Q: 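Pasting in a structure now, in structure tokens, and then I'll have a few things to ask.
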Amino acid sequence: MAQIILPVVLTVILIIALIVLVNIATFRDGGDVARWAAVSSIWIVIPIIIGMLIFLALLLGIIYLLAQLLNVTPTYTGMAQDYVRKAAVYIKQGADAVVKPVIGLEGFLASVKEFFGRE
């Protein structure tokens with residue numbers, strides 16, 4: 001209970017105290033509302049700026065890595081293209097070898113049929 005409830009209660013008390021402090025400082029004896037608005041804007045913008053800096057760093061890293069990859073890629077894509085061409089030749093030869101007996105048999109049967117079909 002002390003590990004769950006106590007931190008939550010202390011956080012709530014701290015937030016309520018902060019709200020009361022801000023209200024007292026802002027609205028007491030003609031407090032400077034514009035200054036507190038500026039401070040609030042700063043506290044809202046700081047996490048956004050930090051997040052965007054992290055995003056910018058990641059984007060710059062990706063751009064750098066892609067530039068390095070473009071220097072290496074043409075060599076390996078050329079090699080891959082050669083292997084694909086060699087594989088295409090072997091696949092075509094294999095397909096022709098598989099179909100050749102069937103085509104030969106069909107040709108022979110057509111010749112016999114034509115020979116005996118003529119009268």
Side-chain angles (χ1 to χ4, degrees):
M1 188 156 169
Q3 291 179 351
I4 297 173
I5 301 296
L6 184 63
V8 172
V9 170
L10 289 176
T11 304
V12 168
I13 291 172
L14 181 66
I15 290 173
I16 291 172
L18 187 61
I19 291 171
V20 169
L21 177 67
V22 168
N23 283 329
I24 290 172
T26 302
F27 299 115
R28 180 186 59 157
D29 298 328
D32 192 8
V33 176
R35 181 180 61 169
W36 283 99
V39 170
S40 298
S41 298
I42 290 170
W43 280 106
I44 290 172
V45 169
I46 286 175
I48 296 171
I49 290 174
I50 292 171
M52 289 297 118
L53 285 175
I54 293 170
F55 179 73
L56 179 65
L58 288 173
L59 189 62
L60 289 174
I62 290 171
I63 290 170
Y64 175 75
L65 290 175
L66 285 175
Q68 295 300 317
L69 185 64
L70 283 175
N71 291 334
V72 175
T73 305
T75 303
Y76 293 110
T77 54
M79 290 171 54
Q81 199 171 23
D82 290 339
Y83 287 131
V84 168
R85 285 186 186 140
K86 288 178 185 178
V89 168
Y90 290 132
I91 290 170
K92 187 175 180 182
Q93 287 175 352
D96 288 344
V98 169
V99 176
K100 190 173 184 178
V102 175
I103 292 175
L105 181 62
E106 289 291 325
F108 177 73
L109 291 176
S111 299
V112 170
K113 191 176 188 181
E114 186 66 29
F115 179 74
F116 289 118
R118 285 190 184 171
E119 293 186 31

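Nothing here was measured: the structure is a model prediction, and the numbers come from that model.
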Q: Between Leu18 and Leu14, is there a side-chain heavy-atom distance shorter than 4.5 Å?
A: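 Counting from C-beta outward, Leu14 and Leu18 never come under 4.5 Å.
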
Q: Trp43, Ile19: one ILVMFWY side-chain cluster at the under-4.5 Å cut-off?
A: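 The answer is no; the residues belong to distinct hydrophobic clusters.
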
Q: Through direct or indirect side-chain contacts below 4.5 angstrom among Ile, Leu, Val, Met, Phe, Trp and Tyr, which residues connect to Met52?
A: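 The other cluster members (ILVMFWY side chains, heavy atoms under 4.5 Å, direct or chained) are Ile48.
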
Q: So, taking the atom named CD1 in Ile103 and the one named CG in Leu105, what distance separates them when rounded to the nearest 0.5 Å?
A: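 Between atom CD1 of Ile103 and atom CG of Leu105 there are 11.0 Å.
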
Q: If hydrophobic clusters are built by linking Ile, Leu, Val, Met, Phe, Trp and Tyr wherever their side-chain heavy atoms come under 4.5 Å apart, do Tyr64 and Leu56 end up in the same one?
A: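 No; tracing contacts between hydrophobic side chains, which count when under 4.5 Å, never links both residues.
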
Q: Is there a path of hydrophobic side-chain contacts, each under 4.5 Å between heavy atoms, that joins Ile50 and Ile42?
A: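 Hydrophobic grouping puts Ile50 with Ile42.
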
Q: Nearest 0.5 Å, please: how far is CD in Gln68 from OG1 in Thr73?
A: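 Those atoms lie 10.5 Å apart.
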
Q: Heavy atoms only: give me the nearest Pro7-Ala2 pair and the separation to one decimal.
A: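 Heavy atoms only, the tightest pair is CD-O, 3.3 Å.
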
Q: Would you say Ile44 ends up clustered with Val39 if hydrophobic residues are merged whenever their side chains have heavy atoms under 4.5 Å apart, either directly or through other cluster members?
A: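 Shared cluster, no.
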
Q: Would you say Phe108 and Phe115 are hydrophobically clustered, going by side-chain heavy atoms of ILVMFWY under 4.5 Å?
A: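 Hydrophobic grouping puts Phe108 with Phe115.
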
Q: Could you check Ile91, Val89, Asp96 and say which one makes a side chain to side chain contact (heavy atoms under 4.5 Å, CB included) with Gln93?
A: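 Testing each of Ile91, Val89, Asp96 against Gln93, the sole residue satisfying side chain to side chain contact (heavy atoms under 4.5 Å, CB included) is Val89.
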
Q: Could you check whether atom CD1 of Ile4 has more than 12 heavy atoms from other residues, nucleotides or ligands sitting under 6.0 Å from it?
A: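 Count not over threshold, so no.
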
Q: Taking side chain as C-beta onward, heavy atoms only, is Leu69 less than 4.5 Å from Leu65?
A: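 They are not in side-chain contact.
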
Q: Drop me the distance from Asp82's CG to Thr77's OG1, to the nearest 0.5 angstrom.
A: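 Rounded to the nearest 0.5 Å, the CG-OG1 separation comes out at 10.0 Å.
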
